[in-house]
Amino acid sequence: MTDPILSLNNLKAGYGQTEILHDLSIYVDPNEIVAIIGPNGAGKSTAMKAVLGLLNIREGNVTLNGDDITDTPAAQVVRLGISYVPQTQNVFVNLSVQENLEMGAWTRPEGIPERLAEMYELFPDLAEKRNQAAGSLSGGQRQMVAMAKALMVDAKILLLDEPTAGLSPKYRGEIFATIQKIKSTGVPILIVEQNAKQALGVADRGYVLVDGANRHTGTGAELLADREIARMFLGGGH
Amino acid sequence: MWDAFGFEFVNFYLIPGLVLGCIYALGAIGITLTFGILRFANFAHGEMMMMGGYLTWTIMAIVTALFGLTLHPLVAMVPATAVVIFLFLLTDKYFYKPFRKEDTIKVVMASFGMMLIIRSAVQAIWGPNQLKFVSGIAKPNEILRDVSGSIDLMLLVPNKHIWIFLGTIVIVIALSYLLNKTRIGKAMRAVSDSPDLAHVTGIDVDQVIRATWIVGGICAMAAGVFLAMDIQLLETTMGFRMLLPMFAAAILGGIGKPYGAVFGGLVIGLAEELSAYPWIGDTPLLSPGYKTGVAFAIMVIMLIVRPQGLFKGRSF
Amino acid sequence: MEAYLGYFLYLLSLLTVGGIYALFALGLNVQWGFAGLFNVGIVGFAAVGAYSYALLTTAESTFHLGGFGLPLPFGMFVGMILAAAIAAVIGVICIRLRSDYLAIATIGIAEIIKLVFKNETEITNGPRGINKIPRAWEHFSEERFYSSWPLSWFASPETWESFFDWLPNWWWQPFFAGTVLLVMYVVYRLLERARMSPWGRMMTAIRENEPAARAAGKDVTTRRIEAFVIGAAIMGLAGALFAQHLRLIEPTNTFDSAKVTFLVWVMLICGGSGNNRGAMLGAFLIWTIWSASELVIGGTISLIGNVFQNLDTTILETRAGFLRMMLIGILMQVILQKYPGGILPEVRPASPKADKS
């Protein structure tokens with residue numbers, strides 16, 4: 001068994017006084033898509049912020065390739081190879097698409113033009129819009145820019161916070177297809193999703209989060225087949 | 001069109017208005033950048049401009065005393081700029097940075113305090129009285145005067161104004177190159193867009209902030225020296241007098257929009273000068289004593305009608 | 001005996017000016033301490049209060065509009081109302097915007113107010129200012145007051161004249177200081193009552209968590225405008241007292257934004273914003289430091305002048321004041337960073353439930 005790329009071990013964390021994560025353990029292996037699903041307020045996005053060092057961790061730790069990165073500031077975490085795409089406001093709206101990608105490459109020492117070319121290959125839609133302001137693009141295209149921007153560094157892992165929130169079904173499919181393409185380039189992905197069915201469809205493994213702790217774990221297919229989970233989250237989508 | 005009336009209009013209202021506009025524009029660039037990137041209204045900006053003028057004067061005086069040369073203010077400005085940038089970085093480190101993670105109003109308060117500290121320091125060091133910056137009467141540039149020929153077409157532009165126009169154009173071009181073509185310039189725009197995203201993108205925000213102070217410092221310095229060149233003297237109140245028009249220019253152009261600030265500066269400068277033109281009858285439309293009020297009125301109207309400014313800056 | 005009288009009068013003047021500044025600080029505390037509104041145009045409201053008082057109460061003059069020779073309390077009242085009215089206009093425009101804009105707008109309106117007072121020479125006598133402003137109590141020794149109601153009821157003008165000649169020339173000082181302190185105390189009591197009231201608790205709630213207060217259906221904007229207007233009214237009142245204390249006001253030096261606005265801010269931050277007692281304590285403390293440091297520095301300079309006979313100390317004298325200002329500025333920065341609560345930090349009004357238990 002290989003060592004996990006990213007691992008959250010028995011985390012207790014929250015904002016200020018309020019504790020949101022009570023006992024959370026998640027790991028991501030190389031070449032894996034891992035999905036975190038769960039009801040609203042279960043602490044899905046909070047888990048991601050914990051990885052980024054954006055909140056106050058009381059107990060437990062976060063490791064990247066076995067190194068402890070608990071409480072490392074966000075800017076440093078990015079430097080270590082964790083790329084993060086926030087749910088909202090994830091592109092610089094006043095910068096062009098290409099400038100957004102260049103900013104994504106801030107911590108990349110060299111090979112930026114080559115990487116840009118690779119990204120335009122991976123996201124062909126963006127190539128023709130490279131000089132447009134990111135703010136002028138549609139929601140789905142912005143999400144693509146945000147992902148491409150995050151991949152401009154040699155990411156060890158990509159964190160996606162609800163990438164399909166507020167998108168039309170057509171774009172949702174496109175985003176999930178892109179996520180699988182990203183995986184095929186060798187980048188493991190941790191994804192937080194409201195849209196459980198599709199997320200588990202592409203995920204190798206999934207975690208169901210309830211009240212700040214993981215309730216169920218299994219492969220995507222197992223979780224999809226689980227009756228209780230189906231009743232809780234997959235039914236009508238509420 | 002270009003009758004005797006036009007002669008007066010162009011030479012005594014339009015050109016001075018543009019000169020004042022250039023000065024406001026340069027000052028407003030610094031204000032809008034700090035407002036956009038560091039997210040606070042820097043009340044000490046005008047005082048830094050004023051201090052830049054005094055430092056330039058001091059360098060000119062030292063050179064005159066040591067070598068008997070009269071240095072052009074634009075030359076003396078270069079070493080003075082270094083000092084002003086250093087002061088900007090120093091104030092940031094000791095007075096603004098401690099509040100960076102707190103409510104922005106604390107930084108505004110600290111900058112308000114800085115405004116008085118800097119002014120009192122200048123008053124204590126150089127004295128409260130006016131200093132002569134450049135002596136003599138500025139004669140109109142002869143080439144421009146001769147080119148335009150007859151009295152009806154005559155352009156009376158002193159060299160100091162030509163320097164101010166050229167200087168402003170050079171700085172604005174350099175600024176647009178910086179913001180659109182260089183890595184740090186793009187990062188400045190990115191941080192102005194969203195500081196949180198800049199953080200999680202891995203952009204070195206501290207470096208961007210330093211760059212902002214340097215760019216703002218150069219523009220403030222140029223604005224201060226241009227103002228001193230224009231009025232040919234130094235006063236400790238000149239920075240404070242500029243503050244309101246510069247804020248008005250930044251708000252008019254849209255916070256965080258450097259081109260907006262330039263445009264806003266020119267509009268405010270022209271509006272202030274043209275408000276004293278006898279548009280109706282023979283008396284000035286507005287008593288020249290109320291020039292500052294024009295900037296304020298434009299600002300208030302903007303805050304009511306369109307707080308995000310003409311160029312869609314951020315509105316809070 | 002003479003020396004003690006000197007100390008006594010110095011103490012009285014400290015109390016008088018300190019009390020006026022305490023009023024300014026109380027007004028600012030309503031705006032900043034209660035409502036979190038950043039007003040850097042204190043000097044503008046002070047000038048409005050002072051000028052309205054001066055124009056309404058001075059004897060008729062050829063230099064400026066009026067004076068109307070109206071009763072002193074009426075002048076003070078109008079000063080308050082006008083300052084409040086101007087604040088209401090700014091408030092309606094700017095309060096919904098972010099605090100920085102209010103700061104810019106207030107500093108702007110203060111400059112405009114000064115500009116108007118400077119330029120409208122027909123009304124205000126421009127840069128030369130208004131003098132002979134009646135000062136409470138002392139004004140009774142002016143002929144136009146002792147020869148008219150109510151003093152004329154008690155005795156004839158001649159009697160009054162000889163009575164005032166008989167009194168020592170500082171007789172009014174304790175009364176004036178007492179009046180200032182009384183006004184300050186009344187305002188303090190009213191503000192304390194307001195702070196403890198549901199209105200005050202709502203202000204705290206808004207300042208601490210605006211979204212929650214909005215969600216709870218509180219009319220945040222209106223409450224803020226109320227606080228801004230009340231604060232400005234107190235500043236107008238303080239301005240009227242300031243005019244009485246000075247007796248001569250002009251737009252530039254009297255209403256120097258450094259001296260008035262900035263000192264009041266330092267006082268409030270030092271004493272403890274959000275705390276009315278802190279505001280008053282800060283005012284007296286900073287004013288004492290300000291005033292005493294003038295004496296100390298002045299003394300030091302004349303000492304230096306005596307030791308080094310050939311040194312021209314005039315430059316030192318003119319510049320020492322600026323140095324003092326600079327040190328006060330640095331003091332404020334230190335307090336802001338190291339002791340953000342001030343000497344008397346804010347005490348939260350207890351909730352009604354806690355009162356019962």
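Order of the sequence lines fixes the chain letters, A, B, ..., with proteins taken first and strands second; residue numbering starts at 1 for each chain.
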Between B/Tyr94 and chain C, with a heavy-atom cut-off of 4.5 Å, which part of the residue counts as in contact: side chain, backbone, both or neither?
backbone
Could you check whether any side-chain heavy atom of C/Glu111 comes within less than 4.5 Å of a side-chain heavy atom of B/Thr292, counting everything from C-beta outward?
no
Tell me, do C/Thr261 and B/Phe112 make a side-chain contact under 4.5 Å, heavy atoms counted?
yes
Quick one: are C/Leu323 and B/Ser120 in side-chain contact, heavy atoms under 4.5 Å?
no
Is any side-chain heavy atom of C/Ile330 less than 4.5 Å from a side-chain heavy atom of B/Phe95?
no
When only pairs under 4.5 Å are counted, which of B/Ile117, B/Val300, B/Ile304 shares the most heavy-atom pairs with chain C?
B/Ile117
Roughly how far apart are B/Leu303 CG and C/Ile90 CD1, rounded to 0.5 Å?
11.5 Å
Max heavy-atom pair count under 4.5 Å with chain B, selected residue of C/Gly108, C/Ala105, C/Cys94, C/Ala103
C/Gly108
Out of curiosity, B/Glu102 CD to C/Leu336 CG, how far, rounded to the nearest 0.5 Å?
8.5 Å
Taking everything shown except B/Lys291 itself, do over 12 heavy atoms lie less than 6.0 Å from its NZ?
yes
Working to the nearest 0.5 angstrom, can you tell me the gap between C/Leu115 CG and B/Tyr290 OH?
6.5 Å
Where does C/Met332 contact chain B at under 4.5 Å (heavy atoms): side chain, backbone, both or neither?
side chain
With a 3.5 Å cut-off and sequence neighbours excluded, list the donor-acceptor pairs that the side chains of residues 24-42 of chain C form with protein atoms.
from	atom 1	to	atom 2	distance (Å)
C/Asn29	OD1	C/Gly274	N	2.7
C/Asn29	ND2	C/Asn276	OD1	2.8
C/Gln31	OE1	C/Asn39	ND2	2.8
C/Gln31	NE2	C/Phe228	O	2.8
C/Asn39	OD1	C/Gly41	N	2.6

Might you point out which heavy atoms bring B/Ala124 and C/Phe322 nearest each other, and give the distance in Å?
N-CB, 3.9 Å
Please say whether more than 12 non-hydrogen atoms of neighbouring residues, nucleotides or ligands are located less than 6.0 Å from CZ in C/Phe63.
no
Considering only heavy atoms and a distance below 4.5 Å, find which of C/Leu327, C/Ile93, C/Val266 pairs most often with chain B.
C/Ile93
Does B/Phe240 form a side-chain contact (heavy atoms from CB on, under 4.5 Å) with C/Ile107? I'd like the steps, not just the answer.
CA-CA 10 Å; B/Phe240 185 69; C/Ile107 210 168; 3.8 Å; yes
All heavy atoms of B/Phe99 vs all of C/Gln337, minimum pair found to be CZ-CG, 3.4 Å
Would you mind reporting whether C/Ile104 and B/Phe296 have side-chain heavy atoms less than 4.5 Å apart?
no
Any idea which of B/Ile125, B/Leu116, B/Thr104, B/Asp103 has the most non-hydrogen atom pairs under 4.5 angstrom with chain C?
B/Leu116
Could you state the interatomic distance from OG (B/Ser111) to CD (C/Gln333), rounded to the nearest 0.5 Å?
9.0 Å
Using 0.5 Å steps for rounding, measure from the CE atom of B/Met109 to the CD1 atom of C/Ile269.
4.5 Å
